[in-house]
Amino acid sequence: MFPFSLFCAVFLVLPVMTIFWRSIQGEGTITFSHYLFLLRPLYLKSLVQSIFLSLLTAFLGMLFGFPAALALQHLLSHRQKNISITLAATAANFAGVPLAVAFMILLGLNGFLTRLLFHRGFMSSVPFTLYSFTGLVLLYLYFQIPLFVVLIMPALEGLRKEWREAVSTLGGNGYLYWVKVGFPVLSPALLGCFILLYANSFGAYATAFALVGAKFRLLPIQISLAVAGNVGYDPHAASAMAMVMIAGLLVLFSFYIRLRKRFALWVSG
Amino acid sequence: MGFGVELVLVLALIFMLIYILFPVGAMILFSVATRWDRTVWPEGYTLSAYSTLFRDREFWIALYHSTVLALTAIALSAFLIVPALLTAELTLPRVKKFIEAFSLAPFVIPSVLFALGLVETYASLPIPLYGTPVLLTLANTVLAFPLMYRSVENKMHTIGLAKMVESAITLGARMPFVTYRVILPNLWSGIVNGSLLILSMVLSEFALANLMVGGSWPTLSVYLYSVMRVDGQAASVLSVVSFTFTWLLTSLVTVGGVRRYGLS
Amino acid sequence: MAYLEMESVEKSFAKNRVLTHFNLSIEKGEFTTLVGPSGCGKTTTLRILAGLERPDRGTISLEGVPITDWPPQRRQISMVFQSYALFPNLTVFGNIAFGLWAKRIDRLTVEREVMNLLDIVGLKGLENRFPHELSGGQQQRVALARALAPRPKVLLLDEPLSAVDAVVRLRLREELKRIQRELGITTVMVTHDQEEALSISDRVVVMNGGRIEQVGTPVEIYRHPVNRFVAQFIGFSNALRVERKGDSQEVFFHHYPINLPPLSLNGEKRLTLYVRPETLRLHRPHELRGREYDTNLLPGIIRLRAFYGAITRFEVMVNGEIIWVDVPGHEADSWQEGDEVVVSFSPQEVRIITGGGEQ
């Protein structure tokens, strides 16, 4: 108990408090001026870009992941389902540098698909490059879609067979079941998984950095530049950005925990 | 469900599986190709990239670093979390909320921010921790907390360990005996599961390693990042190895029944 | 033809046969209960009636119309599930209204019907609560009201009272019976609780191993069980293994003579007599002085007494075998453990099951 608390204090609480301290540390006084940095176009743009990337990939992850998860749950055998889930869990954890390598080989300037589609005359010009925002979205979807599947699976398993049967003995069809019961019961879980996907992409650093270095000024990359001690990157401004990120994530997670409780209450009660 | 709906679901599933397997397939093909930049399919096949990599001293050094990192994180997180969780569960149920909050905090704090906090804290202190593998190890241990916590806590609950320990005590057993004969054997599979998850996490961890020690003490992913700039094929070999390893560890864990995340 | 009929229905899961040549006919307005040990196929029978399970063979008909191939939606047969299966995202109102929504009935009618049902099941004022905000008994009432709302032709109840505690269960049992009477709805219930089956039903179907053992009114089933299984499963019985000497009507429990009502015994040598504990009487040995050679008297010693409130159950050891005797109310007060007693019973109260002695 004691060693655990001490360890957390020194290596978890202290660093977070340092970030907070740096974010309000002025010359001999306390100041909130570092937070004003965030309003500068460079930082504001990175904030907007980070939020947009996270929202977009979380949404697309849900859009593709939810039907895939339904197919896994309802249309596959137990064995097929297990194999697919293991594969999805692997992909959900396969982020960062090796993911960037894989996509470069597939879709890079001289990648397999690029050659196949463009160089062989299927298309005359190259309308797409991997080293762009679109490319980053494609990379993020590689782990976001399977992550959504892995996350929503327990919730799908929590939908009770009796609800469906009750609907049918009351004269309702499958459509009525999904509209009135299945989908509404799942909705807190869907929203909760969306939040986790958002957070997963909001804090991600390795994938974008491996693909294009510091070209995209996503928030984590901006902050990393300050960590690496690059000239012109102010630790105070980085700390202020970090505090904004932490605050945002805390709000999201507290919301997530509420949703989780609601779902647990519904499914067990 | 109507036929049309089922079709959409199946298509979504197939789309996802293709999305997962296609880049991996290209990566595998690239890693065994003699040359694959002019033609649609590789001009020939060879395993030479693999043997080159495995003869590279720097690869083994990076692997050694990552392994040390993983094993230390596993050992430390187990030694810190298991006793704390047990005490909380058995004697101080109210404290458990704090342990849970601290254990799951790294889920909320992205590792870049964590690196920032550690660097800002320890760079200015007079103790020689900043920039050393030791600090990196300790940071990785904190990142490992949620994984160890969830596996052990999950196991503890499914087997009802608290009741088990209570009944052992009422039968007259002393705490060391209970620990050795009841707690450890029953929690073991939970600890192993957590360890596998941590192994998988640490081996692919990039942000902390790159920002805190970088090239001075390269781990596998930092090494991969440096190789990627120079030799695409070596990078593809490493990525194939990385994917295979993640897949193996994941199958072990899902067979064991513990999921990394989960809503219920 | 009966209102609801199952004819030579068979059902297996994988290689496990659950129902074998199953015939059942139920009259309109009747309260029928399927009772039996777990795994006897009673829930499967209910699910087949609801259309949630397809029989491998046989037909089911309702009002003379074969409905075997009809989906559940079309059958107008409602079901109350063991776990209630209330929709957690809908209020009490929404749950009850569900079957009416499915019929696309207009809002005003739905509202009137739901309020009416809330009144019937005694949940007025709770219509805006969610299921997880209700007690077990209240959830049970919502489940019942929900099943009744679409005015089904048949109501199916799958162990409806098993999830509520003992006190609530008794009250709900009475209420279920009252509501069923008032609405006159044909009802089939499944339970493993024989006491529940006897107290609530017009007819009881005792099932075992996918077959029907006996069908009859509660009184018939209790007083005249047709075989060993029914005698032992319904109520509580002493099983006395007796032997017959020669071809006479006289049989012996150990060396005590027992007189039986006249019936054809088909030359059986070994018989088992089933006697309910409440039909036995206890006597002091001196009260019977001079009648030692009478029949149907078994001397023994009280080994244990257990107080059940309305009755007290005595465990009497007779020649190394235990016989249970129930004594009502205050009469029991004068008997103590260790007392020497004589157990007596009247030949009319004995059920005879021929063949074998093993239980």
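Labels below follow one simple rule: chain letters A, B, ... track the order of the sequence lines, proteins then strands, and each chain is numbered from 1. The figures here come from the full heavy-atom set of this structure, side chains too, leaving out hydrogens, waters and symmetry mates.
- One distance of note links CD of Glu165(A) with CZ of Arg47(C); it measures 4.0 Å at 0.5 Å rounding.
- How far NZ of Lys180(A) is from CZ of Phe98(C): 7.5 Å, rounded to the nearest 0.5 Å.
- Atom CG of residue Leu186(A) and atom CG of residue Asn89(C) lie 10.0 Å apart, to the nearest 0.5 angstrom.
- By the neighbour-count criterion of 12 heavy atoms within 6.0 Å, atom CZ of Phe253(A) is densely surrounded, having more than that number from other residues, nucleotides or ligands.
- The distance from atom CG of Leu265(A) to atom CZ of Phe130(C), rounded to the nearest 0.5 Å, is 10.5 Å.
- For the pair Phe87(C) and Trp163(A), the tightest heavy-atom approach, listed with the atom from each and the gap, is CE2-O, 3.5 Å.
- Rounding to the nearest 0.5 angstrom, the gap separating the CE atom in Met79(C) from the CG atom in Leu170(A) is 11.5 Å.
- Here the CZ atom belonging to Arg160(A) is positioned 11.5 Å from the OH atom belonging to Tyr84(C), to the nearest 0.5 angstrom.
- For Ala147(C), the part sitting under 4.5 Å from any heavy atom of chain A is the backbone (N, CA, C, O) and nothing else.
- In this structure, the portion of Leu52(C) lying under 4.5 Å from any heavy atom of chain A is its side chain and not its backbone.
- Between Gln73(C) and Gly172(A) the shortest heavy-atom distance is NE2-O, 3.0 Å.
- Annotation: Met115(C), atom CE; neighbour count of heavy atoms from other residues, nucleotides and ligands within 6.0 Å is above 12.
- For chain A, no part of Leu156(C) is nearby; none of its heavy atoms comes within less than 4.5 Å.
- Summarising the local packing, CZ of Phe133(A) is surrounded by more than 12 heavy atoms from other residues, nucleotides or ligands at distances under 6.0 Å.
- With a 6.0 Å radius and a threshold of 12 heavy atoms from other residues, nucleotides or ligands, Arg262(A) has its CZ atom at or below the threshold.
- Counting heavy atoms of neighbouring residues, nucleotides and ligands inside a 6.0 Å radius, atom CZ of Arg178(C) exceeds 12 of them.
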